[in-house]
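Only a predicted model underlies this, so the values are computations on that prediction, with no experimental measurement involved.
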Amino acid sequence: MYGRRVIYTDVDEINVKNVISVLQNALLIHNQNRNEIKTLYDYYRGKQAIENRTKDIRPEINNKIVENRANEIVTFKTGYLVGEPIVYINRTENDDYSAGVTALNEYMYIESKNNKDKKLVDWMHIAGTANRLALPRIKHTEDEAPFEFYTLSPLNSFVIYSSGLSEKRMAGVKIVYDDDMNPIYSVWTDKWYFEIKREK
């Protein structure tokens, strides 16, 4: 396990005509990544090989202790990076900008961005990848931010990049499951939103 595979596509644009084929190709790689992420996440949670150890000589003395260094390292590194909430500042002397930056900081507080940052950095350290989804809030009051964002589990989300020189982000994908455990794929591009469900 030397890092997660980056998911590429060679299409110029993801649209109605090619979204299914692009998604199918991406899922082949995502499923490989998902298996590795699951193994790493289980290890982080303390589900480690020593629990399955068998002892042939004097099996009645078989102490199994998980010394969870993975959890310790992730906790330490995340605390170092995002121990304090990230705060935005205005680098100009323009008061109009200062009011906007203050409002942005307030929105980030309302959205509990510091908790979501911690979760994002935890996933980055555990799995080697992490995803965030930001969406506009269509109807909001003065006490709410005009946007909302989520930290997604990399077990059920991924990003598709261009195989071109820029390697720009082409789409983000989130997978959810209905009551019958059938996957529903939400695909966001810079122009489109697709919701794809497998037919029975």
Peer 1: If you compare all heavy atoms of Lys113 against all heavy atoms of Ile86, which two are closest, and at what distance to 0.1 Å?
Peer 2: NZ-CD1, 4.2 Å
Peer 1: In chain order, what residues pass the salt bridge (Lys or Arg N to Asp or Glu O under 4.0 Å) check against Arg58, with sequence neighbours excluded?
Peer 2: Glu60
Peer 1: Please answer whether the main-chain N or O of Leu28 pairs with a side-chain N or O of Asn31 as donor and acceptor at a distance below 3.5 Å.
Peer 2: no
Peer 1: Can you list the residues that meet the side chain to side chain donor-acceptor pair (under 3.5 Å) rule with Gln24, with sequence neighbours excluded?
Peer 2: none
Peer 1: If you link ILVMFWY side chains whenever their heavy atoms are less than 4.5 Å apart, which other residues fall into the same cluster as Tyr185? By chain and number, please.
Peer 2: Ile7, Val11, Ile14, Val16, Val19, Ile20, Val22, Leu23, Leu27, Ile29, Phe158, Ile160, Met170, Val173, Ile175, Tyr177, Met181, Val187, Trp192, Phe194, Ile196
Peer 1: Can you list the steps and then say if Trp188 with Leu133 is a side-chain contact (heavy atoms from CB on, under 4.5 Å)?
Peer 2: CA-CA 10 Å; Trp188 286 269; Leu133 173 64; 3.8 Å; yes
Peer 1: Output all residues satisfying side chain to side chain donor-acceptor pair (under 3.5 Å) with Lys174, sequence neighbours left out; order by chain, then residue number.
Peer 2: none
Peer 1: Let me see the working for Glu36 and Arg34 under salt bridge (charged side-chain N to carboxylate O under 4.0 Å, His left out), right down to the final yes or no.
Peer 2: CA-CA 5 Å; Glu36 292 177 2; Arg34 187 181 194 286; over 6 Å; no
Peer 1: Does the plane of the ring in Phe147 sit parallel, tilted or perpendicular to the ring in Tyr107? Use 30° and 60° as the thresholds.
Peer 2: perpendicular
Peer 1: List the atom of Ile110, the atom of Ala145, and the distance in Å for their closest heavy-atom pair.
Peer 2: CG2-N, 4.3 Å
Peer 1: Show the numbers, then the answer: is there a side-chain contact (heavy atoms from CB on, under 4.5 Å) between Leu40 and Arg4?
Peer 2: CA-CA 11 Å; Leu40 292 167; Arg4 310 299 70 76; 3.4 Å; yes
Peer 1: Run the side chain to side chain donor-acceptor pair (under 3.5 Å) test against Thr75 and tell me which residues pass, sequence neighbours left out.
Peer 2: Asn71
Peer 1: With clusters built from Ile, Leu, Val, Met, Phe, Trp and Tyr whose side-chain heavy atoms come within less than 4.5 Å, directly or transitively, what are the remaining members of the cluster of Leu165, listed by chain and number?
Peer 2: none
Peer 1: Could you report the tightest heavy-atom contact between Lys38 and Leu155, atom names first, then the distance?
Peer 2: N-CD2, 3.7 Å
Peer 1: Scan side-chain atoms only and decide if Ser162 and Tyr8 contain a donor-acceptor pair under the 3.5 Å cut-off.
Peer 2: no
Peer 1: What distance do Leu81 atom CG and Phe76 atom CZ have between them, rounded to the nearest 0.5 Å?
Peer 2: 9.5 Å
Peer 1: Does a salt bridge link Asp190 with Arg169, judged by any charged N lying under 4.0 Å from a carboxylate O?
Peer 2: no
Peer 1: Counting neighbours of OH on Tyr80 that are heavy atoms of other residues, nucleotides or ligands and sit closer than 6.0 Å, is the number greater than 12?
Peer 2: no
Peer 1: Would you give the length of the straight line joining atom OG of Ser186 to atom CG of Asn156, rounded to the nearest 0.5 angstrom?
Peer 2: 11.5 Å
Peer 1: According to salt bridge (Lys or Arg N to Asp or Glu O under 4.0 Å), does anything in residues 7-28 pair up with another residue at least two apart or in another chain? List the pairs.
Peer 2: Glu13-Lys191
Peer 1: Would you mind reporting whether Tyr41 and Lys47 have side-chain heavy atoms less than 4.5 Å apart?
Peer 2: no
Peer 1: Which residues end up grouped with Ile73 if you chain together Ile, Leu, Val, Met, Phe, Trp and Tyr wherever their side-chain heavy atoms are less than 4.5 Å apart?
Peer 2: none
Peer 1: Heavy atoms only: give me the nearest Lys116-Phe149 pair and the separation to one decimal.
Peer 2: NZ-O, 3.0 Å
Peer 1: With sequence neighbours excluded, tell me which residues meet salt bridge (Lys or Arg N to Asp or Glu O under 4.0 Å) with Glu93.
Peer 2: none
Peer 1: Taking all non-hydrogen atoms of both residues into account, name the closest pair between Tyr44 and Asn68 and its distance.
Peer 2: O-ND2, 2.9 Å
Peer 1: Would you mind writing out the side-chain donor-acceptor pairs for residues 123-132 within the sub-3.5 Å range, not counting sequence neighbours?
Peer 2:
unit_1 : atom_1 : unit_2 : atom_2 : d
His125 : ND1    : Thr78  : OG1    : 3.2
His125 : ND1    : Val121 : O      : 3.2
Asn131 : ND2    : Ser157 : O      : 3.3
Asn131 : ND2    : Ser157 : OG     : 2.9
Arg132 : NH1    : Asp117 : OD1    : 3.3
Arg132 : NH2    : Asp117 : OD1    : 2.5

Peer 1: For Val101, is there any backbone N or O sitting under 3.5 Å from a side-chain donor or acceptor partner on Asn90?
Peer 2: no
Peer 1: Run the salt bridge (Lys or Arg N to Asp or Glu O under 4.0 Å) test against Arg137 and tell me which residues pass, sequence neighbours left out.
Peer 2: Glu111, Glu148
Peer 1: Any donor and acceptor pair, going by atom type alone, linking the side chain of Asp178 with main-chain N or O of Asp180 inside 3.5 Å?
Peer 2: yes
Peer 1: Not counting sequence neighbours, which residues clear salt bridge (Lys or Arg N to Asp or Glu O under 4.0 Å) with Lys118? List them please.
Peer 2: Asp122
Peer 1: Do the side chains of Val159 and Ile37 join up, straight or via other hydrophobic residues, at under 4.5 Å, putting them in one cluster?
Peer 2: no
